[in-house]
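Working notes, structure below.
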Amino acid sequence: MAERNLKSEIRNPKLSRLVPALLGWFAQNARDLPWRRTRDPYAIWVSEIMLQQTQVKIVIPYWNRWMRELPTIKAVAKARSEKIHKLWEGLGYYTRARNLQKAARQIMEKHSGTFPHDFADVLALPGIGRYTAGAIRSIAFNQPTPVLDGNVIRVLTRVFGIAENPKMKEANGRLWDLAELLVASAAKHLAPRNSRRKEAHSKIANSQSLLTSAATIAGNCSALNQSLMELGALVCTPRNPQCEICPVKKLCVAFCEGRVSELPNLGKRKAATARRFVAFVAERSGRFLVRQRPAGAVNAHLWEFPNFEIHPNPSSSRHRSAHYSRKNSQSRLTSAATIQESDWEIIRAAKSLGISTLVLHPLCTVKHSITRYRITLEAFRVHLGGRSSTTPKHLGTRRARPSGKNNVWLPLAKLDSLAFTSAHRKILQTLNSKTT
Ligand code: SF4
């Protein structure tokens with residue numbers, strides 16, 4: 001922050017009132033989360049990475065399992081890639097897990113296995129940006145490094161009435177400055193008054209929890225940053241924020257000026273795009289065909305059933321000729337039938353299995369979202385003749401890449417041990433339920 005701005009912001013009386021209000025509220029209201037019972041930077045780092053793009057309630061069991069299986073940086077560095085992917089299976093954004101392992105190896109090599117204190121060293125680790133570095137250093141080491149994630153942006157834009165889009169460079173810079181100023185003020189602020197400290201400790205004792213000790217024992221930098229995140233998660237929510245119970249409502253520009261619903265100004269969102277895929281669960285002699293996604297692709301190294309993208313709109317129909325039967329569905333189609341274009345695409349995709357006539361058994365439809373894509377994945381079961389050692393000639397070639405194990409036939413029991421993408425894990429679960 002420029003010196004002149006910093007001085008003028010420091011003179012802002014709002015800041016001196018905001019910090020104690022946030023610290024006091026956090027001491028009373030922080031959630032009991034497992035990673036708040038420790039100051040181990042490794043444990044906090046894992047939680048911060050898992051929490052990116054993922055809700056707290058989903059992360060808790062993943063974090064517990066990860067910490068049980070890989071309790072140290074050394075254990076992560078030495079773990080097999082399969083184990084890393086399996087422990088992350090279902091959390092999505094798997095690059096996060098791979099970067100965690102790369103960073104753990106870097107820490108073993110450059111820092112003798114000890115998580116670095118220095119900001120530049122933390123920032124140099126793969127998968128760690130300014131936000132994560134700030135979060136780890138403030139929470140684990142009580143350093144006055146700012147954090148700015150979606151929750152903090154929402155709180156700060158509303159409290160300070162910032163109307164500019166926070167993604168824009170200038171507004172974003174100002175938000176970082178404010179976050180820095182707040183955590184720096186917290187570092188200078190006296191710890192919560194004794195009465196409040198006692199209250200927090202008695203709450204801990206009563207709940208058998210070490211949780212709220214984060215607010216008093218870890219220090220004000222840790223507590224201040226977490227209070228901003230916590231307020232954004234619990235009170236200052238995107239829709240229907242609970243302003244009436246908010247500890248900073250009297251200081252909040254958006255609340256005082258009736259602009260809460262306008263902020264933050266995130267601009268127009270890109271419209272969601274529909275995408276449609278068809279997957280084939282091919283079975284031959286009791287084995288199922290799966291493939292591993294190649295390095296560099298989305299969900300790299302995860303497993304899936306062979307699948308193809310087709311036209312997203314299933315409504316247009318055309319006259320086609322086909323040897324095709326979609327069993328158990330309303331529209332059993334045979335030669336020269338009227339079929340929908342999307343069905344025709346399914347036939348074309350199925351033909352890439354190398355088989356000209358086949359019967360498809362609808363297995364399930366999985367709907368999910370990735371970023372702005374709304375994805376529909378239709379899975380069909382296909383029984384193939386012949387030996388499972390023979391892969392149909394063209395299967396998978398459309399997506400075959402130099403790396404990744406394409407086209408492996410495995411018995412159902414073995415599939416469970418592989419790390420599947422979330423959508424294909426659901427297909428596998430349906431397959432399991434219908435096969436047993
Ligand atoms: Fe958010 Fe309302 Fe609190 Fe302002 S008063 S910080 S808008 S919850």
Side-chain angles (χ1 to χ4, degrees), residues 49-59 90-96 129 131 148-158 161-176 229 232-233 236-241 254 258-279 293-294 296-300 302 304-318 339-346 348-349 362 364-380 398-399 420-427:
I49 300 295
M50 284 186 173
L51 285 164
Q52 290 167 9
Q53 321 269 357
T54 313
Q55 293 172 358
V56 164
K57 66 174 189 244
I58 293 171
V59 165
L91 269 182
Y93 303 96
Y94 295 89
T95 308
R96 295 181 295 170
Y131 162 78
L148 191 70
D149 66 354
N151 283 330
V152 180
I153 286 174
R154 191 164 54 255
V155 171
L156 294 184
T157 51
R158 286 173 173 172
I162 296 172
E164 293 77 28
N165 186 330
K167 288 183 194 148
M168 295 297 146
K169 195 175 169 194
E170 202 170 313
N172 194 265
R174 186 170 171 218
L175 287 165
W176 273 110
M229 297 189 248
C236 193
T237 46
R239 280 176 292 280
N240 305 319
R259 293 163 55 205
V260 174
S261 60
E262 294 166 26
L263 301 174
N265 165 20
L266 296 171
K268 272 197 176 169
R269 282 200 172 184
K270 275 190 178 174
T273 305
R275 295 179 72 180
R276 201 159 166 243
F277 290 77
V278 55
R293 292 181 64 76
V298 175
N299 293 332
L302 285 236
E304 64 182 9
F305 295 99
N307 62 90
F308 303 84
E309 185 163 10
I310 60 174
H311 194 278
N313 180 5
S315 61
S316 62
S317 61
R318 303 215 182 131
I339 64 173
Q340 293 184 340
E341 174 65 16
S342 62
D343 277 336
W344 181 246
E345 284 208 75
I346 292 169
R348 273 204 298 264
C364 61
T365 299
V366 178
K367 289 183 185 275
H368 64 119
S369 296
I370 300 178
T371 59
R372 66 188 178 86
Y373 298 112
R374 305 287 170 266
I375 296 170
T376 303
L377 172 65
E378 284 182 76
F380 294 90
R398 191 169 154 178
R399 282 171 186 250
F420 275 81
T421 66
S422 297
H424 287 256
R425 168 60 61 184
K426 285 181 187 155
I427 295 175

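No experiment lies behind these values; they were computed from the predicted model shown.
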- Message: Looking at every non-hydrogen atom in both residues, tell me the closest pair between Lys167 and Leu266 and how far apart they are.
- Response: NZ-O, 4.2 Å

- Which pair of heavy atoms, one from Ala171 and one from Asn165, lies closest together, and at what distance? CB-O, 3.4 Å

- Message: With rounding to the nearest 0.5 angstrom, report the CD1 to CG distance, Ile153 to Leu263.
- Response: 13.0 Å

- Query: CZ/Arg374 to NE2/His368 distance, rounded to the nearest 0.5 angstrom?
  - Reply: 11.0 Å

- Item | Heavy-atom side-chain contact between Ile162 and Arg174 under 4.5 Å | yes

- Query: Are the side chain of Arg293 and the backbone of Leu302 linked by a donor-acceptor contact shorter than 3.5 Å?
  - Reply: no

- Does a side-chain heavy-atom distance below 4.5 Å link Ile375 with Phe277? yes

- Here the pair of heavy atoms bringing Tyr373 nearest to Arg275 is CD2-CD, 3.3 Å

- Pro312 to Ala274 - nearest heavy-atom pair and separation: CB-O, 3.5 Å

- Would you check if Cys364 and Lys426 make a side-chain contact, meaning some heavy-atom pair closer than 4.5 Å? no

- Message: How long is the straight-line distance from CD of Gln53 back to OH of Tyr93, given to the nearest 0.5 Å?
- Response: 4.5 Å

- Leu148 and Asn172: side chain to side chain contact (heavy atoms under 4.5 Å, CB included), yes or no, with the steps? CA-CA 9 Å; Leu148 191 70; Asn172 194 265; 4.1 Å; yes

- Item | Partner set under side-chain contact (heavy atoms from CB on, under 4.5 Å) for Arg372, not counting sequence neighbours | Lys270, Thr273

- Message: Under 4.0 Å between a side-chain nitrogen and a carboxylate oxygen: does that hold for Arg276 and Glu309?
- Response: no

- Item | For the student: nearest non-hydrogen atoms of Ala300 and Gly296, plus distance | CB-N, 3.8 Å

- Task: Please check if the side chain of Arg154 supplies one atom and the backbone of Cys236 the other of a donor-acceptor pair under 3.5 Å.
- Result: yes

- Query: Are a donor atom and an acceptor atom from the side chains of Glu304 and Asn307 found within less than 3.5 Å of each other?
  - Reply: yes

- Message: Would you compute the distance between atom OH of Tyr94 and atom CG of Asn299 and round it to the nearest 0.5 angstrom?
- Response: 6.0 Å

- Tightest non-hydrogen contact, residues Leu377 and Ala423, listed as CD2-CB, 3.8 Å

- Task: To the nearest 0.5 Å, tell me how far Thr157 OG1 sits from Arg259 CZ.
- Result: 9.5 Å

- Task: State which residues pass salt bridge (Lys or Arg N to Asp or Glu O under 4.0 Å) with Glu164; sequence neighbours excluded, sorted by chain then number.
- Result: none

- Note on the structure: When rounded to the nearest 0.5 Å, the distance separating CE of Met50 from CG of Leu91 is 5.5 Å

- Item | Met168 vs Asn265, side chain to side chain contact (heavy atoms under 4.5 Å, CB included): CA-CA, chis, key distance, verdict | CA-CA 10 Å; Met168 295 297 146; Asn265 165 20; over 6 Å; no

